[in-house]
Protein chains: 2
Amino acid sequence: MDTRERLIESTRELLWERGYVGTSPKAIQQRSGAGQGSMYHHFHGKPDLALAAITRSADELRERARAAFDGPGTVAERIAAYLRRERDALKGCPVGRLTQDPDVMADPELRRPVEETFAWLTGTLAGLLAQGRAEGELHPALDPAATAAALVAVVQGGYVLARAAGSPQVYAQAVEGALALVLQQKENR
Amino acid sequence: MDTRERLIESTRELLWERGYVGTSPKAIQQRSGAGQGSMYHHFHGKPDLALAAITRSADELRERARAAFDGPGTVAERIAAYLRRERDALKGCPVGRLTQDPDVMADPELRRPVEETFAWLTGTLAGLLAQGRAEGELHPALDPAATAAALVAVVQGGYVLARAAGSPQVYAQAVEGALALVLQQKENR
DNA sequence: GTCTATACCGAGATAGAC
DNA sequence: GTCTATCTCGGTATAGAC
């Protein structure tokens with residue numbers, strides 16, 4: 001991995017662990033093993049480097065979600081697979097976390113990937129839910145957009161609960177609770 | 001409002017807006033109108049002041065939730081009232097946000113109020129759900145603890161979605177989606 | 001209780017040598 | 001491309017006068 005690459009990866013880790021305000025150029029340099037001059041040679045500064053890191057994290061999240069959504073099985077199974085996918089609940093969501101970073105939200109460039117990621121995520125999930133409803137797999141009264149928003153929110157909020165409790169268990173509990181509500185519609189249909 | 005009080009309130013606002021790492025003593029002094037010496041007279045430093053602010057925010061959250069939970073109406077109505085309560089979705093949760101602050105989570109003293117708040121919240125909500133189930137108001141197969149975790153997560157995650165989208169609408173959508181899933185059980189019973 | 005002075009360190013970046 | 005030197009500012013706190 002070359003220097004530029006190590007800088008981006010180190011920044012991704014630090015943004016995930018400490019957020020934008022909590023991440024200093026010096027910390028990035030130390031973790032990546034790159035020197036001061038090296039970092040400023042490859043990037044214009046902290047925001048520039050952060051943009052590269054955030055964009056990559058957003059892309060990665062999208063790909064992982066797509067893999068579950070496009071996987072095998074019924075709509076319900078694919079949604080369950082997405083929600084139950086192994087996650088490091090205590091670390092939280094590398095993209096969702098940026099939402100709490102005032103400096104990220106204040107910068108349109110840094111903010112865009114975050115905004116687009118969640119728009120895509122809820123939109124895609126809503127499409128999947130609509131499909132499941134059309135195929136009679138889900139309750140006809142189910143609102144795809146609202147349900148999609150609720151499910152994505154459960155994941156993001158599940159991280160909050162897990163971190164607050166200091167245990168990943170609560171995350172799993174929240175997800176199972178939500179899943180039970182969605183899937184139960186099938187049985188009651 | 002005396003100086004000490006203004007210091008606490010200003011810190012609460014800043015922690016809410018910018019988090020712990022993003023809040024400097026200087027910023028607190030400016031917002032509260034208190035001088036350097038004044039702040040260090042009333043508090044031992046940033047962590048001490050933050051503890052007072054966090055504790056108060058946690059207490060406040062608890063009281064507001066209790067008001068909804070103990071309000072009039074059926075269990076379903078009280079839960080709906082809690083979820084639909086007016087919230088400043090774009091600002092997020094003053095307590096949940098701290099969960100993303102590495103320095104807060106690393107300090108047991110600062111962390112405790114956060115942990116306790118969510119434990120109480122999910123526990124209380126679970127009790128309410130269990131009551132609703134016992135009284136035949138909710139589906140007998142509903143898991144109170146898991147459902148409570150899911151609902152609290154929807155609120156916390158709803159804030160994330162709202163901030164990502166830059167619009168409070170998404171928050172409302174997520175909450176309504178979750179509520180529809182929970183209440184629908186009643187109709188299908 | 002509140003003020004000002006002072007101190008030290010890290011954040012964030014630039015300049016120029018190699 | 002990478003290194004070191006240097007710069008300026010703000011974060012965080014202490015000391016002592018008033």
Side-chain angles (χ1 to χ4, degrees), chain A residues 1-56 97-98 100-111, chain B residues 1-56 97-98 100-111:
Chain A
M1 200 160 51
D2 65 1
T3 302
R4 188 189 153 85
E5 197 58 22
R6 288 204 316 278
L7 281 164
I8 296 179
E9 288 302 315
S10 298
T11 304
R12 294 216 300 148
E13 292 172 15
L14 284 164
L15 286 182
W16 197 358
E17 296 167 15
R18 307 197 39 84
Y20 185 83
V21 247
T23 297
S24 69
K26 176 170 293 191
I28 294 171
Q29 290 151 28
Q30 285 171 345
R31 182 166 302 205
S32 65
Q36 185 91 331
S38 203
M39 176 185 141
Y40 284 99
H41 170 74
H42 290 288
F43 298 94
H44 292 152
K46 182 176 164 179
D48 186 32
L49 181 43
L51 179 58
I54 292 174
T55 301
R56 181 173 297 182
R97 161 195 241 300
L98 300 170
Q100 303 297 329
D101 240 306
D103 292 4
V104 169
M105 292 288 109
D107 182 333
E109 286 225 79
L110 296 181
R111 185 211 172 98
Chain B
M1 200 158 55
D2 65 2
T3 302
R4 189 189 152 84
E5 197 58 23
R6 289 205 314 277
L7 281 165
I8 296 179
E9 288 302 316
S10 299
T11 303
R12 294 217 299 146
E13 293 172 14
L14 284 164
L15 286 182
W16 197 358
E17 295 166 16
R18 306 197 41 84
Y20 185 82
V21 247
T23 296
S24 70
K26 177 170 295 191
I28 294 171
Q29 291 153 26
Q30 285 171 345
R31 182 166 303 204
S32 66
Q36 185 91 331
S38 204
M39 175 185 142
Y40 283 99
H41 170 75
H42 289 288
F43 297 94
H44 292 151
K46 183 176 161 178
D48 186 32
L49 181 43
L51 179 58
I54 292 174
T55 301
R56 181 172 297 180
R97 159 195 242 302
L98 301 169
Q100 304 296 330
D101 240 304
D103 292 5
V104 170
M105 293 328 254
D107 182 333
E109 287 226 78
L110 296 181
R111 186 213 172 97

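Throughout, protein chains are lettered first and strands after them, A, B, ... in sequence-line order, and every chain is numbered starting at 1.
Here A/Lys46 reaches the OP1 or OP2 of C/dG12: one of its side-chain N or O atoms lies under 4.0 Å away. Between A/His42 and D/dT2 there is a side-chain N or O to OP1 or OP2 distance below 4.0 Å. Between C/dG1 and B/Thr3, no contact under 4.0 Å exists linking OP1 or OP2 to a side-chain N or O.
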Heteroatom pairs (N/O) under 3.5 angstrom, protein to nucleotides 3-6 of chain C:
from: C/dC3; atom 1: OP2; to: B/Gly35; atom 2: N; distance (Å): 3.3

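Rounding to whole angstrom units, CD of residue A/Gln30 and C1' of C/dA11 are separated by 12 Å. Taking atom CZ of residue A/Phe43 and atom P of nucleotide C/dT14, one finds them 15 Å apart after rounding to whole Å. Going from atom CG of A/Leu14 over to atom C1' of C/dG12 covers 15 Å, rounded to whole Å. The nearest whole Å value for the distance from the CZ atom in A/Arg4 to the C1' atom in D/dT2 is 16 Å. Atom pair A/Tyr40:OH and C/dG12:C1' shows a separation of 5 Å (rounding to whole Å applied). Between B/Lys26 atom NZ and D/dA13 atom C1' the separation is 12 Å, expressed in whole Å. Separating the CD atom of A/Glu5 from the P atom of D/dG1 is a distance of 15 Å, rounded to the nearest angstrom. Residue B/Arg18 contributes atom CZ, which lies 14 Å from atom P of D/dG10 at whole-angstrom precision.
Under a 4.0 Å N-O distance rule, the pair B/Arg6/B/Glu9 does not qualify as a salt bridge. A salt bridge is defined here as a Lys NZ or Arg NE, NH1 or NH2 lying under 4.0 Å from an Asp or Glu carboxylate O, and B/Arg56 with B/Glu5 meets this definition.
Distances from the side chain of B/His41 to the nucleotides C/dG12, D/dA13, C/dG1 place C/dG1 closest.
Here the straight-line distance linking atom CE of B/Met39 with atom OG of B/Ser10 works out to 11.0 Å at 0.5 Å rounding. Distance CD1/A/Ile54 to CG/A/Leu15: 5.5 Å, rounded to 0.5 Å. Put simply, CD on B/Glu17 and CZ on B/Arg97 are 9.5 Å apart, with the number rounded to the nearest 0.5 Å. B/Ile8 CD1 to B/Ser32 OG: the interatomic distance, rounded to the nearest 0.5 Å, is 11.0 Å.
Taking the centre and axis of the six-membered ring of A/Tyr40, the NZ or CZ atom of A/Lys46 falls outside the cone set by 45° and 6.0 Å.
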